[in-house]
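For reference, the structure is listed below as structure tokens.
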Number of protein chains: 2
Amino acid sequence: MTSISSVQIRYSWASDPMSDQKTTSDTRERILDVAERLFMENGYEATSMRTITSAAEVNLAAVNYHFGSKEALLCEVFRRRLAWLNQQRLQALDELEAQAAGAPLKPSQILEAFFGTLLRMGEDPSLGGMTFLRLLGRTLTEPAEFIRTFFAGEYAQVIDRYKLALFRALPDVPKAEIVWRLHFMLGAMSYAIAGTDVLQVVTGCELGDLAGESADDPGDTALARRLAQRLMPFLLGGLRAPLPQFHELPFPSPPTPPPRGGRGDS
Amino acid sequence: MTSISSVQIRYSWASDPMSDQKTTSDTRERILDVAERLFMENGYEATSMRTITSAAEVNLAAVNYHFGSKEALLCEVFRRRLAWLNQQRLQALDELEAQAAGAPLKPSQILEAFFGTLLRMGEDPSLGGMTFLRLLGRTLTEPAEFIRTFFAGEYAQVIDRYKLALFRALPDVPKAEIVWRLHFMLGAMSYAIAGTDVLQVVTGCELGDLAGESADDPGDTALARRLAQRLMPFLLGGLRAPLPQFHELPFPSPPTPPPRGGRGDS
DNA sequence: GTCTATAGGTGGATAGAC
DNA sequence: GTCTATCCACCTATAGAC
């Protein structure tokens, strides 16, 4: 019943513009869309159900009717996007591995499949666009327990597959090191897509400006594209950086070091 | 002790273990310490004044007496740490530039001064330790306006100095590109120190485990040190990565080029 | 400086009519 | 499915005694 033929399925990422209009529950989708935007703008805790329902022009009780609770609402906001995203990610990896016919993938391919797939969502408003990306970036650092366990469940498969792919792609790098760097890459991405950067307030500019789109505001689509173009080389550079040297020193090289030959940056 | 004579100054980072004990306001510091921890554990919005005051064993009204409001309390929690941190960062840069005698600094030196100075705070409980680092990482992605403008003010000078240093250190890299990468580096660091990673829940391990400290728990000190050893090479690798190629392609190289239609979920 | 008491408001959730 | 009305726990902030 859930997935086939003409029945209404629960994930709105299956929304063609036509079926979206007046199906069984216009309300449900409107709540999700508005909640997505408001959670992004104000954060989860600071966004009240009343704010959401009045912006969505639905009754307060509708949220609890459709989703059960505020927590469940947030989870559903993510589920409808992440289900699609993670499926795409797995599929992308499948295809790459099929092409490679048993050979290890290149790191750049793996990163493209993982991060590129996400960043491309920012270009497509029907997939949530930058609103969803920003919300995701912000929510990934929320301390609330239910959020963290929810994400863990959503990501478990995907992270595991990609970890293994990276292990194979970088056989000379210790696995622990790869996991650390995956961690760092996730961080750089989250923060970048969250777009709440100190830099932006300090420099008084948005990422769009940096991309060179100062006046005519090309919108989120171009921003997402530029972001991807800038971020991917950075991530790849970080992933493939020389391994840290472990001596007995408490720190690699304090500000005024013995200038021992590290990796000779000029 | 830190600066002048014997007057009590307001920043607790001027705390030698002795002066901290029973000065004019033990209450004030206790509130700040407890607030720092609880804001880190639950986030700003989800932490109530009542929770803070009861944990600190002070009266509810004490917070408003000493700080004026909950927002002001959060700002003061940060100010007492960031004042010290940013001063150290500027000083580190001053010293490096003095040594260099007019020559551009090496990127690794700049990163060490900026990120190393911060990460070393994680090793020193009297500077807030990992509690402060985690709180900082989490708060940097909070959408609340007062937080963002507060950080902007605290960081303006420092970011500006470091940006200029990086421009000089990497004269062949477009300035916009450097700013983007600074952005990415801040993100990787924030996320790493926040320690709310999906990876940790998925893999079921803390960063400490990855560092190889499985059983005997050496505490935050070792964690901070390991983190720095792992993070700095990653950041340097990302900063020095090859520049992105800009062709007319909308994306560098999608894995399966134009599968545009519908949502292609098979 | 510290405390009690409370003002004054908002939060999430639900019961029950339609 | 939708709506009104309402419960009640909890919030920040302050007034005023000590």
Side-chain angles (χ1 to χ4, degrees), chain A residues 7-10 12 19-36 38-39 41-77 139 142-147 150, chain B residues 7-10 12 19-36 38-39 41-77 139 142-147 150:
Chain A
V7 285
Q8 177 70 8
I9 69 172
R10 58 196 300 247
S12 88
S19 76
D20 215 341
Q21 297 291 14
K22 274 281 183 180
T23 51
T24 50
S25 175
D26 188 26
T27 303
R28 211 190 128 87
E29 297 302 311
R30 238 186 13 259
I31 293 174
L32 287 174
D33 289 341
V34 168
E36 184 171 66
L38 291 175
F39 284 147
E41 288 172 359
N42 313 315
Y44 172 73
E45 297 286 351
T47 304
S48 73
M49 306 269 281
R50 285 176 168 83
T51 311
I52 294 170
T53 51
S54 74
E57 294 178 298
V58 301
N59 191 272
L60 174 62
V63 171
N64 283 307
Y65 174 79
H66 284 285
F67 304 98
S69 72
K70 189 186 175 187
E71 291 193 358
L73 170 61
L74 181 70
C75 291
E76 189 54 34
V77 164
T139 311
E142 287 269 328
E145 195 57 33
F146 83 93
I147 296 179
F150 169 77
Chain B
V7 286
Q8 176 72 7
I9 71 173
R10 58 195 299 246
S12 89
S19 76
D20 214 342
Q21 299 291 14
K22 274 280 183 181
T23 51
T24 50
S25 174
D26 188 25
T27 302
R28 210 189 128 89
E29 297 302 312
R30 237 186 16 256
I31 293 174
L32 287 174
D33 289 341
V34 169
E36 184 171 65
L38 291 176
F39 283 147
E41 288 171 0
N42 313 314
Y44 172 73
E45 296 286 350
T47 306
S48 74
M49 305 271 274
R50 284 177 165 83
T51 312
I52 295 170
T53 52
S54 73
E57 295 178 297
V58 301
N59 190 271
L60 174 62
V63 171
N64 284 306
Y65 174 79
H66 284 286
F67 304 99
S69 72
K70 189 187 176 185
E71 291 193 358
L73 170 62
L74 181 69
C75 291
E76 189 54 34
V77 164
T139 311
E142 287 269 327
E145 195 57 34
F146 84 93
I147 296 179
F150 169 77

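Letters A, B, ... are given to chains in the order of the sequence lines, protein chains preceding strands, and every chain is numbered from 1.
Whole-Å rounding puts the B:L73 CG to D:dC11 C1' distance at 15 Å. In this entry the distance linking CD1 of B:I52 with P of D:dA13 reads 11 Å, nearest Å. The nearest whole Å value for the distance from the NE2 atom in B:H66 to the P atom in D:dA13 is 16 Å. Distance, A:D26 CG to D:dG1 C1': 13 Å, rounded to whole Å.
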Inset, instruction - List the steps, then state whether side-chain contact (heavy atoms from CB on, under 4.5 Å) holds for B:V58 with B:V34. - result: CA-CA 11 Å; B:V58 301; B:V34 169; over 6 Å; no

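For A:F67 against A:A72, the heavy-atom pair with the smallest separation is O-CB, 3.2 Å. Here the closest heavy-atom approach between residue A:I31 and residue A:H66 is recorded as CD1-CD2, 4.4 Å.
The phosphate of C:dT2 has OP1 or OP2 within less than 4.0 Å of a side-chain N or O from B:T27.
Residues meeting the side chain to side chain donor-acceptor pair (under 3.5 Å) test with A:R50, sequence neighbours left out: none.
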With sugar-phosphate taken as primed atoms, P, OP1 and OP2 and all else as base, the protein-contact string of nucleotides 4-18 of chain C at under 4.0 Å (heavy atoms; B, S, -) is B------BBBB----

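Without hydrogens or angle criteria, B:T53 side chain to B:M49 main chain gives a donor-acceptor distance under 3.5 Å. Side-chain atoms of A:K70 come within 3.5 Å of backbone N or O of A:Y44 as a donor-acceptor pair.
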